[in-house]
**Student:** 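If you scroll down you'll find the structure; I have some questions about it.
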Amino acid sequence: MKSPCQWNETVTLPSKNDAVFRNGDYNFAYLDEQTKRMIRRALLKAVAIPGYQVPFAAREMPLPYGWGTGGIQLTAALIGPRDVLKVIDQGADDTTNAVNIRSFFERMTDVATTTLVQEATLIQTRHRIPETPLRADQILIYQVPLPDPVSRLEPRGTERANMHAFGDYGLINVKLYEDIAQHGSVAMAFDYPVIVNGRYLASPSPIPKFDNPKLHMNPALQLFGAGRERRIYAIPPFTSVRSLDFDDHPFTIQPWDESCALCGAPDSFLEEMTVDDRGNRQHICSDSDYCAQRRATQPAHVRHQEAMP
Amino acid sequence: MYVAVKGGEKAIEASRRLLEKQRRGDSRLAELSVSQIREQLRLAVARVMTEGSLYDEELAALAIKQAAGDLVEAIFLLRAYRTTLPRFGYSAPLDVGAMAVQRRISAIFKDVPGGQFLGATHDFTQRLLDFSLLADGGDTVLPAIAGGDDDAISLSPARLARVYDLLEQRGLIAQEEAPADAPDPVDLALEPLHLPAERPTRLQNLARGDEGFLLAMAYATQRGYGGNHPFTGELRFGTVSVEVSVDELDGAVIDIGDLAVTECQTINQFHSSPDHPLAFTQGYGLAFGHSERKAIAMALVDRALCSEELGETITSPAQDPEFMLLHSDNVEASGFVQHLKLPHYVDFQVEVELLRRFQANAHRADATDEIPLPVERDRDLAIQE
């Protein structure tokens, strides 16, 4: 514990061991080594208690709160010189925020970056899980705006802490019930809450519920960072993740009648594009890497057949 | 064919160049220097230092220049830079009673020991646009006033007793003191905010809180949302010494420099409880530089946030620590409010899909005049535990 009115006994300066100064003004990956250690400790706790929101002292980052500072701090705490980083937003590597975060780490670490899922060791994402299955040697880092699914129903963090402590999730189940009574099904299409490891209620971040099944028993380590709300949580590899539902209203994901107009994928998450002023629409894979790899490896007539079953 | 607009590196680079051009403005005009901002926009510099939580006039001025005068953006720049600075240690508490005072007023006594000093203030300027400032070049020549030059008006740095201490001597108010076994104050730059928060933690949060937010909330308490009845016990602005004790020098106390600060202490409605004898209560505000609006607003909000400890009924947001402390920070608020500019294609798309499905359900229900039955006919992908 620090003592006020006194100098710390040991003055901590950024360490230079494996973290080479690439950019003379800043430590490797921006954060100082003390801060990285603090985040890693929080991460260990998060992995040990799957789904539990561990408070951590988020730092002010040079990107705004709400724009991925939680994910950025996790990436900064984990990234090493030999890592290969992929950054996606809405499933795509070329959205402005993904480009910006990737270029931030290129500036601050000089590590290799990629758009190919299979090449990446660290993947930072906003709003999607890649379609390509992940491996055990990969880490998926989610940017999380509001880590607690109950916050829409109970804004008070002090109250919610009690609910989590007692596993008292009646409130959210009542919301599900009311949705079904009113609309016939649950009125949540993204950020669909999950129970991790049979214990803690958690937000999967605002991914479409289409992606929720990928959370379950995923071989990769999944880490969630909420910078502004100062919380970190984790889904360790091969952990059960159950999307909230009832026995007579099982969780389901949204279907498409269409296939991807570019690669013909019948099973990926499709973005709807309005392509002319008359309102004609096309459906395209939101995962730009998945789509590009399919187009590169499949002859056109196969894609066409898949698109027109 | 497919024409989805996804920004790329080129667009971002072009945007940065455009921003830089716009910041510079008309290049036929001389560029604004950081030292000019520091000297001539001193109140903006004070706000950026206060809410940026870093006392450095030069860097604050640089941030204002870089942000093209957007102070919340400048505050953000300063905060982000502060993150990279190592923390060497903690100073001794400032002795604000020993301030070299440039301005000091009390609204509760006509005369106070040491006297009232108006100093530099906008308070009595009559707010008429001074068109003489339109003329470029040449300093405004101030007419001479009776009673000597400006230097003689400014105060000697003699110790001026705080009005508050005078009240305490008379037993009208009790200065809050930390118990001997109180833990060290939390450093909010290094630790997350935990609730309930002690008063030192709350004050830290308010000190870097957004001036506009605190102003509005303080104003609301005056109008009845939170029932504050404050008097300005004292408002003072000047410079104070920062002292640290250095272990390597056997704990010798060293003066490492001066800070300009504004301090406000309010006297509020009296109160009694088993723990507190009947006495006035207080609110406290402190800000870097000359920041009177911020200091007064902070003091009012501080007092409102003491409601629970004083056993008052909590009826308004300004009295609610969780509401106030989690929404006071403009770097957080600005980031999250503006993140709505980021793409939400995926989330919006699934919301559209959901709405269409519900609309179809409702339509079908109208047609058959029956209660809608669950019609989720999606692929059955229930997850096995």
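In the text below, chain A, chain B and the rest are named by the order of the sequence lines, each starting its count at 1.
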**Student:** So which of A:Pro208, A:Pro206, A:Pro155 has the largest heavy-atom pair count under 4.5 angstrom toward chain B?
**Tutor:** A:Pro206

**Student:** Does a side-chain heavy-atom distance below 4.5 Å link A:Ile72 with A:Tyr30?
**Tutor:** no

**Student:** Evaluate the side chain to side chain donor-acceptor pair (under 3.5 Å) criterion for residues B:Gln359 and B:Arg356: first the C-alpha distance (whole Å), next the side-chain angles of each, then the deciding distance (0.1 Å), finally the verdict.
**Tutor:** CA-CA 5 Å; B:Gln359 282 175 336; B:Arg356 280 184 189 144; over 6 Å; no

**Student:** With only heavy atoms counted, which part of A:Asp276 is less than 4.5 Å from chain B, the side chain, the backbone, both or neither?
**Tutor:**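 Neither part, no heavy atoms under 4.5 Å.
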
**Student:** Relative to chain A, which segment of B:Glu332 carries a heavy atom at a distance below 4.5 Å: side chain, backbone, both, or neither?
**Tutor:** both

**Student:** Given a strict heavy-atom distance threshold of 4.5 Å, which part of A:Met188 is in contact with chain B: side chain, backbone, both, or neither?
**Tutor:**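 When you check distances to chain B, only backbone atoms of A:Met188 fall under 4.5 Å.
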
**Student:** Less than 4.5 Å to any heavy atom of chain B: does that hold for the side chain of A:Thr158, its backbone, both, or neither?
**Tutor:** both

**Student:** Using non-hydrogen atoms only, which part of A:Leu146 is less than 4.5 Å away from chain B: side chain, backbone, both, or neither?
**Tutor:**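 The answer is the side chain of A:Leu146.
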
**Student:** Sub-3.5 Å donor-acceptor pair from the side chain of A:Arg295 to the main-chain atoms of A:Leu262, do we have one?
**Tutor:** no

**Student:** I'd like to know which of B:Lys341, B:Gln338, B:His339 tops the heavy-atom pair count under 4.5 Å against chain A.
**Tutor:**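 Of B:Lys341, B:Gln338, B:His339, B:His339 has the most heavy-atom pairs under 4.5 Å with chain A.
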
**Student:** Is it true that the NZ or CZ of A:Lys209 lies under 6.0 Å from the centre of A:Phe251's six-membered ring and within 45 degrees of the ring axis?
**Tutor:** yes

**Student:** Given heavy-atom pairs under 4.5 angstrom as the criterion, report whether the side chain, backbone, both or neither of A:Arg231 touches chain B.
**Tutor:**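 Interface part for A:Arg231: neither.
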
**Student:** Relative to chain B, which segment of A:Ala187 carries a heavy atom at a distance below 4.5 Å: side chain, backbone, both, or neither?
**Tutor:** both

**Student:** Considering only heavy atoms from C-beta outward, does the side chain of A:Val194 approach that of A:Leu244 to under 4.5 Å?
**Tutor:**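 No; the side chains remain at least 4.5 Å from each other.
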
**Student:** What I'd like to find out is whether the side chain of A:Ile39 reaches to under 4.5 Å of the side chain of A:Ile232, using heavy atoms alone.
**Tutor:** yes

**Student:** Under a 4.5 Å cutoff for heavy-atom pairs, which residue among B:Leu354, B:Leu188, B:Asp347 has the most contacts with chain A?
**Tutor:** B:Asp347

**Student:** Can you tell me which of B:His344, B:His194, B:Glu351 forms the most heavy-atom pairs within a distance under 4.5 Å of chain A?
**Tutor:** B:His344

**Student:** Heavy-atom pairs under 4.5 Å with chain B are the metric here; pick the option from A:Ile207, A:Asp248, A:Leu63 that has the most.
**Tutor:** A:Leu63

**Student:** Which atoms of B:Ala333 are under 4.5 Å from chain A, going by heavy atoms: the side chain, the backbone, both sets, or neither?
**Tutor:** neither

**Student:** Contact between A:Asp191 and A:Pro204 at the side-chain level, heavy atoms closer than 4.5 Å - yes or no?
**Tutor:**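 Answer yes - side chains close enough.
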
**Student:** Taking the side chain as C-beta and beyond, is there a heavy-atom pair between B:Phe213 and B:Asn330 under 4.5 Å?
**Tutor:** no

**Student:** Can you see whether A:Arg228 engages A:Thr69 through a side-chain donor-acceptor pair at a distance of less than 3.5 angstrom?
**Tutor:** no

**Student:** Counting heavy-atom pairs closer than 4.5 Å to chain B, which one of A:Pro55, A:Ala161, A:Gly91, A:Ala57 comes out on top?
**Tutor:** A:Ala57

